Peer 1: 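I'd like to ask some things about the structure below.
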2 protein chains.
Amino acid sequence: MEAAIAKSLKAGGKKLTRARKAILAVLERNTLPITVAEVHAGLVKAKTDVDLVTVYRNLAMLQELGLVNAVGFQEGQMRYEVVHGRAHHHHIQCRGCGKILDLMLCPLKKLTKLIEEQTRFSVDGHALEFFGWCPQCR
Amino acid sequence: MEAAIAKSLKAGGKKLTRARKAILAVLERNTLPITVAEVHAGLVKAKTDVDLVTVYRNLAMLQELGLVNAVGFQEGQMRYEVVHGRAHHHHIQCRGCGKILDLMLCPLKKLTKLIEEQTRFSVDGHALEFFGWCPQCR
DNA sequence: CTGTTAAATGCAATCTACTTGCATGTAAGG
DNA sequence: CCTTACATGCAAGTAGATTGCATTTAACAG
């Protein structure tokens with residue numbers, strides 16, 4: 001557990017509970033974004049029983065604080081990954097087996113400025129995921 | 001109703017039913033991607049009563065045939081837009097009021113090739129949506 | 001260390017988006 | 001028309017996510 005995380009929680013008036021430590025530990029063990037059910041399964045496996053509702057509530061809260069990132073692959077559910085210590089990046093998912101890979105790149109910095117000029121929106125985020133077929137499923 | 005659409009349906013062994021004409025008409029009236037509930041509401045308003053289940057089934061089918069595009073804004077539901085006659089594009093949604101704008105651009109053609117080389121996936125699609133705050137909500 | 005309290009949790013119930021099974025209806029080609 | 005494969009409506013069922021409320025616990029003052 002990083003001190004920086006404890007600090008962010010405190011700044012948000014949040015407590016550092018057993019459940020939160022365990023949830024963050026599960027996320028830190030996984031590089032790739034995982035589902036709520038997978039987080040919960042990880043907790044059970046680590047003998048840290050936490051209600052599924054608590055997992056939902058904490059992931060939402062950690063996302064609000066910017067400690068966790070939500071990723072949607074059009075699967076009908078969200079996936080989550082820790083932000084801390086990782087560069088901004090995107091993903092690709094195989095349409096066959098569902099396998100996910102990190103793509104350590106982002107081509108959108110310049111484009112964001114252009115969009116802000118064109119739309120008068122202030123842009124504060126984007127979702128970019130690729131889809132295709134992995135070598136095994138092709 | 002475009003002849004091209006009737007042709008695509010026939011090629012897929014699909015019939016050109018009252019429900020399908022009406023669903024496509026509702027989508028064609030909307031430039032921006034709309035929810036299943038909004039499509040259904042549009043049908044009711046046009047005095048073309050079609051069961052919500054039929055809307056779901058047809059949107060899924062039209063998407064398979066490539067006549068309709070599904071867009072996800074992490075709202076817990078999908079939105080749909082017609083493909084026919086429109087250039088490939090992306091969107092931005094306001095985090096305050098939910099308003100959506102079309103962005104008639106796509107910076108990903110070159111990047112896709114690079115990703116295919118790096119990952120050995122064959123890339124056949126991507127999702128790119130921007131988020132921010134519109135002038136009114138800012 | 002102990003008492004206080006605001007925040008967090010667990011459990012049960014609920015909600016919403018979406019899907020499935022099956023009997024009936026209908027478009028399309030002969 | 002007649003046939004038939006495809007499409008629809010209705011009812012019931014899933015799955016992911018949320019809410020209400022009583023109980024527990026982290027954090028902090030004293």
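Below, chains carry the letters A, B, ... as their sequence lines are ordered, and counting in each starts from 1. Remember, predicted model here, so these are calculated numbers, not experimental data.
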Peer 1: CD of B:E64: more than 12 outside heavy atoms within 6.0 angstrom?
Peer 2: no
Peer 1: Under 4.0 Å: is that the gap between some side-chain N or O of A:T17 and OP1 or OP2 of C:dA7?
Peer 2: no
Peer 1: Of B:G13 and B:R18, whose nearest nucleotide on DNA chain D comes first from the 5' end?
Peer 2: B:G13
Peer 1: With heavy atoms of chain B within less than 4.0 Å as the criterion, where does contact along DNA chain D begin and end?
Peer 2: D:dA5 to D:dA11
Peer 1: When every nucleotide of nucleotides 17-26 of chain C is labelled 5' to 3' by its protein contacts under 4.0 Å (heavy atoms), B for base, S for sugar-phosphate only, - for none, what sequence of letters results?
Peer 2: SBBBB----B
Peer 1: What is the separation between atom NZ on A:K14 and atom P on C:dT9, rounded to the nearest whole Å?
Peer 2: 10 Å
Peer 1: Does any part of the side chain of B:E75, heavy atoms only, come nearer than 4.5 Å to the side chain of B:Q93, both counted from C-beta?
Peer 2: yes
Peer 1: Can you confirm whether more than 12 heavy atoms, excluding those of A:K10, are under 6.0 Å from its NZ atom?
Peer 2: no
Peer 1: Just wondering, do B:V26 and B:T48 contact through their side chains at under 4.5 Å, heavy atoms?
Peer 2: no
Peer 1: Kindly give the heavy-atom pair with the smallest separation between B:H90 and B:L128, and that separation in Å.
Peer 2: ND1-O, 3.0 Å
Peer 1: Hey, does B:H126 have a side-chain heavy atom less than 4.5 Å from the side chain of B:C106?
Peer 2: yes
Peer 1: More than 12 foreign heavy atoms under 6.0 Å from CZ of A:R138: is that the case here?
Peer 2: yes
Peer 1: Work out which heavy atom in B:A70 is nearest to a heavy atom in B:Y80; give both atom names and the distance.
Peer 2: CB-CE2, 3.7 Å
